[in-house]
Amino acid sequence: MKTAKKIIFWTLVAFALIQFFPIDTVNKPVDSKLNFIQMKNAPEKVSTLLKNACYDCHSNETVYPKYAYIAPISWSVKSHVNDGRQHLNFSVWGTYNKELKENMLDRSMEALKHKTMPLPGYVVYHKEANLSEAERTLIIQYFDEMLKSKTY
């Protein structure tokens, strides 16, 4: 019994101590001339869907929820955001070359078709990111039209 109490005590101490090592939640400034939505003058519906379902992890406009400030959950959230930005960052769309843009649009369409994005764990806490089939189709069609017309 004493061992269990010690384990619980030291676990709580460790949990309290890791709170003193917060993640960096400061977003880089966004240049609207490089931002996908402004550059492409995306339709309002598409813009809203991208903001709700994609921009938290795939832009420099991340809005960190309250739970993202509690370690070790915060570490996981920050890791997901960093990974998302590495794969596609809508805030710096204008800096990507033609091949990267084509690849990112293709991969985004595949992720939407196969429902691998937005991540299921993200959708649980962000209901606005839970895209219907019609919403997925709308984004896919928008990206596909960009590819076909080479206006990316």
Side-chain angles (χ1 to χ4, degrees), residues 11 14-152:
T11 301
F15 180 77
L17 287 175
I18 63 175
Q19 303 313 307
F20 290 103
F21 302 95
I23 61 168
D24 179 11
T25 58
V26 177
N27 291 319
K28 293 179 183 176
V30 176
D31 182 348
S32 61
K33 290 178 276 198
L34 301 175
N35 192 17
F36 179 86
I37 288 176
Q38 283 81 23
M39 280 186 68
K40 301 286 107 201
N41 196 22
E44 187 177 338
K45 181 68 174 169
V46 171
S47 297
T48 299
L49 293 173
L50 291 175
K51 290 268 188 181
N52 288 344
C54 309
Y55 262 55
D56 266 350
C57 293
H58 295 284
S59 81
N60 293 337
E61 299 179 42
T62 304
V63 178
Y64 290 93
K66 291 179 183 175
Y67 64 81
Y69 294 91
I70 302 168
I73 298 167
S74 60
W75 303 339
S76 176
V77 170
K78 187 62 176 177
S79 175
H80 281 283
V81 169
N82 288 344
D83 287 346
R85 288 177 181 167
Q86 257 187 332
H87 289 93
L88 166 60
N89 187 336
F90 286 111
S91 294
V92 296
W93 183 260
T95 66
Y96 296 140
N97 65 39
K98 177 185 174 226
E99 291 79 22
L100 268 174
K101 289 177 181 178
E102 287 176 354
N103 184 271
M104 288 176 185
L105 290 171
D106 277 332
R107 288 191 355 223
S108 296
M109 291 189 314
E110 287 301 311
L112 287 164
K113 285 177 190 173
H114 298 296
K115 298 181 181 176
T116 56
M117 285 287 155
L119 293 174
Y122 179 79
V123 173
V124 168
Y125 295 102
H126 303 271
K127 300 297 183 195
E128 70 282 0
N130 192 11
L131 300 172
S132 68
E133 281 304 316
E135 291 168 333
R136 287 177 184 278
T137 301
L138 178 65
I139 297 171
I140 290 167
Q141 288 173 342
Y142 181 70
F143 288 168
D144 191 45
E145 184 58 38
M146 287 177 65
L147 286 170
K148 286 177 182 172
S149 63
K150 303 228 185 263
T151 57
Y152 33 79

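We're numbering straight along the sequence, starting at 1. Hydrogens, waters and symmetry mates are skipped; everything else that's a heavy atom, side chains included, is used. Because the structure is predicted, anything quoted here is derived from the model rather than measured.
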*asked:* Using only atom types and a distance under 3.5 Å, with no angle test, would you say the side chain of Gln19 pairs donor to acceptor with the backbone of Ile70?
replied: no
*State, to 0.1 Å, how close Val46 and Ala42 come at their nearest heavy-atom pair, and which atoms those are.*
CG1-CB, 4.5 Å
With a 3.5 Å cut-off and sequence neighbours excluded, list the donor-acceptor pairs that the side chains of residues 108-120 form with protein atoms.
{"unit_1": "Ser108", "atom_1": "OG", "unit_2": "Met104", "atom_2": "O", "d": "2.7"}
{"unit_1": "Glu110", "atom_1": "OE1", "unit_2": "His114", "atom_2": "NE2", "d": "3.0"}
{"unit_1": "Lys115", "atom_1": "NZ", "unit_2": "Glu133", "atom_2": "OE2", "d": "2.5"}
{"unit_1": "Thr116", "atom_1": "OG1", "unit_2": "Ala111", "atom_2": "O", "d": "3.4"}

*Look only at the side chain of Gln38 and the backbone of Leu34, and say whether a donor-acceptor pair between them is shorter than 3.5 Å.*
no
*With the side chain counted from C-beta on, respond yes when Arg107 and Leu88 share a heavy-atom pair under 4.5 Å apart, and no when they do not.*
no
*Test item: Trp93 and Ile37 side chains (from C-beta on) under 4.5 Å apart, heavy atoms*: no
*Rounded to the nearest 0.5 Å, what separation is found between the CG atom of Leu105 and the OH atom of Tyr96?*
11.0 Å
*With a cut-off of 6.0 Å (strictly less than), are more than 12 heavy atoms of other residues, nucleotides or ligands near CD of Glu44?*
no
_side-chain contact (heavy atoms from CB on, under 4.5 Å), that's the test. Do Phe143 and Asp106 meet it? Break it down for me._
CA-CA 8 Å; Phe143 288 168; Asp106 277 332; over 6 Å; no
*Provide the closest heavy-atom pair for Glu99 versus Asn97 in the form atom of the first, atom of the second, distance.*
N-OD1, 3.1 Å
*How many angstroms lie between atom CG of Leu138 and atom CZ of Arg136, to the nearest 0.5 angstrom?*
12.5 Å
*Would you check, one step at a time, whether the test side-chain contact (heavy atoms from CB on, under 4.5 Å) holds for Val81 with Asp56?*
CA-CA 7 Å; Val81 169; Asp56 266 350; over 6 Å; no
*Calculate, to the nearest 0.5 Å, the distance between atoms OH and CD1 belonging to Tyr64 and Ile23 respectively.*
5.5 Å
_Just to verify, what does Ser32 make a side-chain hydrogen bond (donor to acceptor under 3.5 Å, both in side chains) with, not counting sequence neighbours?_
none
*Kindly compute the distance separating CZ (Arg85) from NE2 (His58), expressed to the nearest 0.5 Å.*
10.5 Å
*Under the ring-ring contact (aromatic ring centres under 6.0 Å, His included) rule, collect the residues that match up with Tyr142, sequence neighbours excluded.*
none
*Between the side chain of Ser59 and the main-chain N/O of Phe90, is any donor-acceptor distance below 3.5 Å?*
no
_For Lys51, side-chain hydrogen bond (donor to acceptor under 3.5 Å, both in side chains) partners two or more places apart_ = Glu61
_Set of ring-ring contact (aromatic ring centres under 6.0 Å, His included) partners for Tyr125, sequence neighbours left out_ = Tyr67
*Assess the side chains of Tyr55 and Asn35: does a donor N or O sit below 3.5 Å from an acceptor N or O?*
yes
*Please name the pair of heavy atoms, one in Ser91 and one in Val30, separated by the smallest distance, quoted to 0.1 Å.*
OG-CG2, 3.8 Å
*Look at the rings of His126 and Tyr122 and say which category their plane angle falls in: under 30° parallel, 30 to 60° tilted, over 60° perpendicular.*
parallel
_Set out, in order, the CA-CA distance, both residues' side-chain angles and the distance that settles side-chain contact (heavy atoms from CB on, under 4.5 Å) for Tyr69 and Val77, then state yes or no._
CA-CA 9 Å; Tyr69 294 91; Val77 170; over 6 Å; no
*For the side chain of Asn27 and the backbone of Thr62, is there at least one donor-acceptor N/O pair under 3.5 Å apart?*
yes
*Looking at CG of Leu131 and OG1 of Thr137, how far apart are the two atoms once the value is rounded to the nearest 0.5 Å?*
10.0 Å
_From Ser74 atom OG to Asp24 atom CG, the distance as rounded to the nearest 0.5 Å_ = 11.5 Å
_I'd like to check the side-chain hydrogen bond (donor to acceptor under 3.5 Å, both in side chains) partners of Lys40; sequence neighbours left out, ordered by chain and number._
none
*Take Tyr152 and Leu100 through the side-chain contact (heavy atoms from CB on, under 4.5 Å) test and state the conclusion after the steps.*
CA-CA 10 Å; Tyr152 33 79; Leu100 268 174; over 6 Å; no
